[in-house]
Amino acid sequence: MSARRRNFLDHLHPTQVHRRTLHPLSTLGLGIASLTCLAVLFVTGATLFLYYVPDQGRAYERILHITTTLHFGGLVRNLHFVAANALLVLAVFHLARVFCMGGYKGRRLNWLYGLGLLGLILLANFTGYLLPWDQISYWAIKVGASLAAYFPVVGVEVKHFLLGGADIGHETLLRAFALHAGFVPPLLLVLVGLHLWRIRKDGGLAAPKQAANQKLSADPWLYRAEAATAMLTLAALLILAVFIDAPIYEQADPLHPPNPARAPWYFVGVQEMVSYSAFWGGVVAPLLMLVFFALAPWLDRSRSEPGRWFAGDRLWLILIFAAILVSQAAFIVIGQYLRGENWKFVIPF
């Protein structure tokens with residue numbers, strides 16, 4: 001029998017994988033689901049790129065044309081919108097899964113690659129949010145960029161970089177489009193490649209020593225599991241895209257802000273914290289969270305093996321991580337649904 005010819009997938013995977021990592025409860029399929037969303041974003045983004053014009057006088061009309069006139073344009077835009085939000089949520093869950101299993105142990109560099117990918121996903125969502133140039137996206141970006149200015153030392157420069165100046169102007173839309181379509185995608189591809197390469201170089205996903213002795217060939221077992229996860233993710237995205245329309249509101253009006261004006265939903269938590277204290281909510285808390293995430297592999301001095309859910313000697317780190325995620329989720333819900341005019345607390349029933 002002749003040897004099987006190697007293909008491109010063989011370069012992305014180790015030759016053998018731990019049997020335990022193929023179990024759905026080991027990884028929850030979050031990494032492959034995230035990659036599927038990213039692939040959908042590249043395909044739908046390239047399609048939208050052909051019809052969009054990053055000009056203040058034409059951007060809004062082009063979005064309306066794509067949504068209402070172009071054959072399947074609404075579905076493509078819905079799919080892009082759903083995949084972008086799903087990718088952000090899945091990336092956070094994937095990060096949480098790796099953290100709770102101590103998957104960063106012995107893989108500190110890949111943890112930093114993962115954090116870099118999450119930062120790029122946030123930047124891609126933020127810059128893409130403005131492109132419809134409608135009332136909600138215009139003021140959301142204005143608020144979001146203002147939040148960036150609170151960050152110590154480089155905050156004001158980051159705001160100017162995102163907006164192309166001190167405030168939203170002629171360069172802002174072009175800057176957002178250049179970042180969204182020209183700058184972020186290549187960096188995502190590079191970091192995804194490095195992330196996958198480090199996993200392959202480390203012999204697959206992290207697993208306890210006992211499980212590490214039980215290995216299977218990646219082909220076909222891992223390939224089948226990944227294909228099944230990708231197909232299920234794609235099916236879920238298509239179903240959601242049929243029932244969830246990408247929002248489009250009235251055209252941007254720089255003179256009449258909505259009340260309240262909110263940042264994009266993923267930054268509403270920071271906006272809510274700033275409403276309590278500009279210094280503690282806009283500077284101290286975000287900085288401490290970033291430092292904790294970046295240094296977590298070095299703070300972890302536990303002896304438990306990687307690949308185990310909620311190991312007892314890592315419990316204090318997991319509780320801090322969970323507190324950060326839960327508090328941000330709570331702040332997002334409060335800011336998104338329980339704030340009315342002038343950012344006053346309201347009961348929506």
Side-chain angles (χ1 to χ4, degrees), residues 6-18 21-22 26-43 45-46 83-84 86-128 158 161 178-207 212 215 218-219 222-223 225-227 229-230 233 266 289-300 306-307 321:
R6 293 176 63 82
N7 56 51
F8 178 71
L9 290 176
D10 293 325
H11 296 284
L12 299 177
H13 300 85
T15 56
Q16 291 187 318
V17 294
H18 310 310
T21 60
L22 294 177
S26 291
T27 65
L28 307 178
L30 295 170
I32 295 301
S34 298
L35 283 175
T36 305
C37 289
L38 187 62
V40 169
L41 285 169
F42 274 106
V43 173
L87 175 60
L88 179 54
V89 174
L90 289 170
V92 172
F93 284 155
H94 180 59
L95 189 78
R97 196 277 300 172
V98 172
F99 193 93
C100 292
M101 296 185 75
Y104 49 72
K105 286 193 167 189
R107 303 170 183 229
R108 294 171 176 175
L109 181 59
N110 216 18
W111 172 259
L112 296 180
Y113 286 154
L115 291 179
L117 280 169
L118 181 59
L120 286 175
I121 291 168
L122 282 168
L123 180 59
N125 274 272
F126 184 74
T127 52
V158 170
F161 174 75
L179 289 171
H180 186 74
F183 179 76
V184 174
L187 287 181
L188 278 171
L189 287 176
V190 170
L191 272 185
V192 166
L194 288 172
H195 195 60
L196 295 176
W197 173 72
R198 285 304 314 179
I199 293 174
R200 187 191 190 284
K201 188 173 177 63
D202 292 330
L205 300 179
K215 291 189 174 183
D219 181 14
L222 179 60
Y223 296 170
E226 290 180 343
T229 303
T233 304
Y266 35 86
M289 287 188 287
L290 287 175
V291 170
F292 174 77
F293 289 145
L295 298 183
W298 288 269
L299 294 173
D300 189 348
F321 186 90

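Positions are given from 1 along the sequence. Quick caveat: nothing in here was measured; it's all calculated off a predicted structure.
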>> Once side-chain contact (heavy atoms from CB on, under 4.5 Å) is applied, do any residues pair with Pro185, and if so which ones, sequence neighbours excluded?
In response: Phe42
> Leu41 and Ala84: which non-hydrogen atoms are nearest, and at how many Å?
Replying inline: CD2-N, 3.5 Å
> How far apart are the C-alpha atoms of Leu115 and Leu290, what are their side-chain angles, what is the distance that settles it, and do they pass the side-chain contact (heavy atoms from CB on, under 4.5 Å) test?
Replying inline: CA-CA 10 Å; Leu115 291 179; Leu290 287 175; over 6 Å; no
>> Nearest 0.5 angstrom please: Leu35 CG to His195 NE2, how far?
In response: 8.5 Å
> Are the side chains of Val158 and Phe161 in touch, meaning some heavy atoms are under 4.5 Å apart?
Replying inline: no
> Who are the side chain to side chain donor-acceptor pair (under 3.5 Å) partners of Asp300, not counting sequence neighbours?
Replying inline: Tyr104, Ser302
> Which pair of non-hydrogen atoms, one from Leu112 and one from Ala294, has the smallest distance, and what is that distance?
Replying inline: CD2-O, 3.9 Å
> If you round to the nearest 0.5 Å, how far is CG of Leu87 from CG of Asn125?
Replying inline: 7.0 Å
>> Taking atom CZ as the centre, does Phe293 end up with more than 12 heavy-atom neighbours from other residues, nucleotides or ligands that are less than 6.0 angstrom away?
In response: yes
> To the nearest 0.5 Å, how far apart are OG1 in Thr36 and CD in Glu226?
Replying inline: 9.0 Å
> Looking only at heavy atoms, what is the nearest atom pair of His94 and Gly31, with distance?
Replying inline: ND1-N, 3.7 Å
> What's the shortest heavy-atom distance between Ala230 and Ile32, and which atoms?
Replying inline: N-CG2, 4.0 Å
>> Just verifying a value: how many Å separate Ile121 CD1 and Leu188 CG, rounded to the nearest 0.5 Å?
In response: 6.5 Å
> What's the spacing between Leu117 CG and Ser34 OG if we round to 0.5 Å?
Replying inline: 9.5 Å
>> Is it the case that the side chain of Tyr266 and the backbone of Phe126 share a donor-acceptor pair, with hydrogens and angles ignored and the cut-off at 3.5 Å?
In response: yes
> Any side-chain heavy-atom pair from Leu196 and Arg200 closer than 4.5 angstrom?
Replying inline: no
> What's the shortest heavy-atom distance between Arg97 and Leu30, and which atoms?
Replying inline: CB-CD1, 4.0 Å
> Looking at CG of Leu90 and CG of Leu38, how far apart are the two atoms once the value is rounded to the nearest 0.5 Å?
Replying inline: 11.5 Å
> Minimum heavy-atom separation for Ala86 to Cys37, with atom names?
Replying inline: CB-SG, 4.0 Å
> Would you say Trp111's side chain and Phe99's backbone share a donor-acceptor pair under 3.5 angstrom?
Replying inline: no
> Do Leu194 and Leu191 touch side chain to side chain, with heavy atoms closer than 4.5 Å?
Replying inline: yes
